Amino acid sequence: MNIPVLTIDGPSGAGKGTVSRAVAKKMGWNYLDSGSIYRSLAVAALKQHVDLENEVAIVNIAQAMVLEFDCGDELVVRLDGEDITAQLGSEITGNAASIVAALPEVRNVLLQKQKDFKRLPGLVADGRDMGTVVFPDAENKVFLTASAAERAKRRYKQLIEKGIDANLARITNEIEERDRRDMERKAAPLAMASDALYIDSSDMTLEAVIEEVLNLIR
Ligand code: DC
């Protein structure tokens, strides 16, 4: 049976999560936040004080970890039974996720976990390599990006709104460093699929981006 898949890839902070969730809700489709899988692995590795570049140790953790996703209005993630949702969004977790995600064997181990999200009536998959590696046959692909300065500004605003102290220059540096690591790694680097629709959201409202993506799948 044909299960429609929409992939949305792009760098950190481009709005992939918000757009993907909105489109999934509108279509009644399932949603895969693949970054949260790498983030969960990072949380597990940090908890066990394992060197994030030790591929053998990180692969062992990836194979052993049991992840549960509750995709209600808010995503709830449990790692080995423990609710780790609150730890997933931090910059520390995001940067650690980007380090473990560069290990090729780690990506192999996590491949099937991601493919398992493809279920009826459809799937919106958000990440870095959804359209290139995990779901290369998806009929609809988007590459969503925005300038680093704009992404840093949005992230800064989010943190301030949450009452978290933030520094715009530091966030900009971290975003640029993460972009570099995600794009320059050998295993499934962040790249646009040749058949993806390119959207630069720097000067677009969220509503306009969501509309453009919905138009693509309709
Ligand atoms: O989308 P995010 O910020 O939650 O992702 C966190 C890190 O995980 C990101 O810096 C790189 C990695 N990642 C990846 O390598 N492949 C994916 N499909 C999703 C995320």
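Start at 1 and go down the list; that is how both ligands and their atoms are numbered. None of the values given here were measured: they were computed from a predicted structure. The first residue in the sequence is number 1, and the count goes up from there.
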Engineer: Output yes when the distance from some N or O of ligand 1 to some N or O of Arg178 is under 3.5 Å, and no in every other case.
Structural biologist: yes
Engineer: Is it the case that the side chains of Asn215 and Glu212 hold a donor-acceptor pair, with the cut-off being a distance below 3.5 Å and no angle test?
Structural biologist: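 No.
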Engineer: With the side chain counted from C-beta on, respond yes when Ile99 and Asn95 share a heavy-atom pair under 4.5 Å apart, and no when they do not.
Structural biologist: no
Engineer: Between Asp9 and Lys141, does any NZ, NE, NH1 or NH2 come within less than 4.0 Å of an OD or OE carboxylate oxygen?
Structural biologist: no
Engineer: Looking only at protein heavy atoms, which one is nearest to atom 16 (N) of ligand 1, and what is the separation?
Structural biologist: Arg107 NH2, 3.0 Å
Engineer: Using a strict 4.0 Å cut-off to heavy atoms of Gly35, name the atoms of ligand 1 that fall inside it.
Structural biologist: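 Taking each heavy atom of Gly35 in turn, ligand 1 has 4 (O), 5 (O), 19 (C), 20 (C) under 4.0 Å.
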Engineer: If you measure from the Lys or Arg side-chain nitrogens to the Asp or Glu carboxylate oxygens, is any gap between Glu82 and Arg78 under 4.0 Å?
Structural biologist: no
Engineer: Taking only heavy atoms of Gly127, which atoms of ligand 1 are found under 4.0 Å from at least one of them?
Structural biologist: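 So the answer, numbered in order with elements, is 18 (N), 19 (C).
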Engineer: With heavy atoms of Arg39 as the reference, note each atom of ligand 1 found under 4.0 Å away.
Structural biologist: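 Close to Arg39: 2 (P), 3 (O), 4 (O), 6 (C).
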Engineer: Taking the minimum heavy-atom distance to atom 18 (N) of ligand 1, which of Asn95, Ile37, Asp129, Val134 ranks first?
Structural biologist: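 That would be Asp129.
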Engineer: To which of Arg128, Met130, Gln114 does the heavy atom nearest atom 9 (C) of ligand 1 belong?
Structural biologist: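 Among Arg128, Met130, Gln114, the closest heavy atom to atom 9 (C) of ligand 1 comes from Arg128.
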Engineer: Report the part of Arg185 (side chain from C-beta onward, or backbone N, CA, C, O) that has a heavy atom under 4.0 Å from ligand 1; answer both or neither where that applies.
Structural biologist: side chain
Engineer: Between the side chains of Arg180 and Glu177, is the shortest nitrogen-to-carboxylate-oxygen separation below 4.0 Å, so that they form an ion pair?
Structural biologist: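 Salt bridge: no.
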Engineer: Taking 4.0 angstrom as the limit and counting only heavy atoms of Asp182, give me the atoms of ligand 1 inside it, by number and element.
Structural biologist: 9 (C), 10 (O), 11 (C)
Engineer: Is a donor from one side chain sitting under 3.5 angstrom from an acceptor on the other, for Arg128 and Ser12?
Structural biologist: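 On atom types as modelled, these side chains qualify, holding a pair under 3.5 Å.
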Engineer: Considering only protein heavy atoms, which is closest to atom 7 (C) of ligand 1, and at what distance to one decimal place?
Structural biologist: Ala97 CB, 3.7 Å
Engineer: What atoms of ligand 1 come within less than 4.0 Å of a heavy atom belonging to Ala101?
Structural biologist: 12 (C), 15 (O)
Engineer: Tell me which one of Leu67, Ile61, Val59, Leu52 satisfies side-chain contact (heavy atoms from CB on, under 4.5 Å) with Leu41.
Structural biologist: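 Only one option passes, and that is Ile61.
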Engineer: Counting only heavy atoms closer than 4.0 Å, does ligand 1 sit against the backbone of Arg181, its side chain, both, or neither?
Structural biologist: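 It is neither; nothing of Arg181 touches ligand 1.
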Engineer: Who's the nearest protein heavy-atom neighbour of atom 19 (C) of ligand 1, and how far?
Structural biologist: Ser34 OG, 3.4 Å
Engineer: Hey, which atoms in ligand 1 end up nearer than 4.0 Å to a heavy atom of Tyr38?
Structural biologist: 8 (O), 13 (N), 14 (C), 16 (N), 17 (C), 19 (C), 20 (C)
Engineer: Side-chain heavy atoms nearer than 4.5 Å, only ILVMFWY residues, links allowed to pass through others: does that put Leu32 and Val5 together?
Structural biologist: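 Yes: a chain of side-chain contacts under 4.5 Å links Leu32 to Val5.
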Engineer: Compute the ring centroids of Phe69 and Phe117, then answer whether they are less than 6.0 Å apart.
Structural biologist: yes
